[in-house]
Amino acid sequence: MKKNGTLNGTINGTLKLREFDRSIIHILIEDPIITREELAEKMNVSIRTIQRELDDLKKRKIIMRVGSRKTGKWMVNQNEEKA
């Protein structure tokens, strides 16, 4: 996963994300194998809130889950045209 200015520019500008969404994306970039439970704890919100945000980000094709449910990981879509 690239961690360059283009990705940060896309996350911070083009996609028009809320600060909460940007925080989730940055955590997913840093730790792609994080679980919903760990993410909820780290963000200090409920698992349901995290699930709702993840569902929205997936629907907007900003993130996707690849691999199996148990050993999968999160990927952030770097193609801003899909978002």
In Å, rounded to the nearest 0.5 Å, how long is the span from [atom1] of [X] to [atom2] of [Y]?
{"X": "I34", "Y": "E41", "atom1": "CD1", "atom2": "CD", "answer": "9.0 Å"}
{"X": "I47", "Y": "L39", "atom1": "CD1", "atom2": "CG", "answer": "10.0 Å"}
{"X": "K42", "Y": "T35", "atom1": "NZ", "atom2": "OG1", "answer": "10.5 Å"}
{"X": "R36", "Y": "I50", "atom1": "CZ", "atom2": "CD1", "answer": "10.0 Å"}
{"X": "L54", "Y": "W74", "atom1": "CG", "atom2": "CH2", "answer": "4.5 Å"}
{"X": "M64", "Y": "I62", "atom1": "CE", "atom2": "CD1", "answer": "12.0 Å"}

Linking I/L/V/M/F/W/Y whenever their side-chain heavy atoms sit closer than 4.5 Å, directly or via other members, would F20 and I63 fall into one cluster?
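Same cluster: F20 reaches I63 through Ile, Leu, Val, Met, Phe, Trp or Tyr contacts under 4.5 Å.
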Which residues pass the side chain to side chain donor-acceptor pair (under 3.5 Å) test with [X], not counting sequence neighbours?
{"X": "R65", "answer": "none"}
{"X": "T49", "answer": "S46, R52"}
{"X": "E37", "answer": "none"}
{"X": "R18", "answer": "D21, E53"}

Donor-acceptor pair, N77 side chain versus K61 backbone, under 3.5 Å?
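Yes, the answer is positive, given that a donor and an acceptor are paired below the 3.5 Å cut-off.
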Are any side-chain N or O atoms of R22 and backbone N or O atoms of L17, one a donor and one an acceptor, separated by less than 3.5 Å?
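Answer holds: yes.
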Those residues that, when tested against D31, pass salt bridge (charged side-chain N to carboxylate O under 4.0 Å, His left out) (two or more places apart):
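Checked D31 against salt bridge (charged side-chain N to carboxylate O under 4.0 Å, His left out); zero matches.
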Taking salt bridge (charged side-chain N to carboxylate O under 4.0 Å, His left out) as the definition, give me every residue that meets it alongside K58, ordered by chain and number, with sequence neighbours left out.
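With neighbours one apart ignored, the set is D55.
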In this structure, are over 12 heavy atoms from other groups packed under 6.0 Å from E38 atom CD?
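Yes - once you tally the heavy atoms of other residues, nucleotides and ligands closer than 6.0 Å, there are more than 12.
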Would you sort out whether M43 and I27 count as a side-chain contact (heavy atoms from CB on, under 4.5 Å), showing the intermediate values?
CA-CA 9 Å; M43 298 287 296; I27 291 170; 3.4 Å; yes
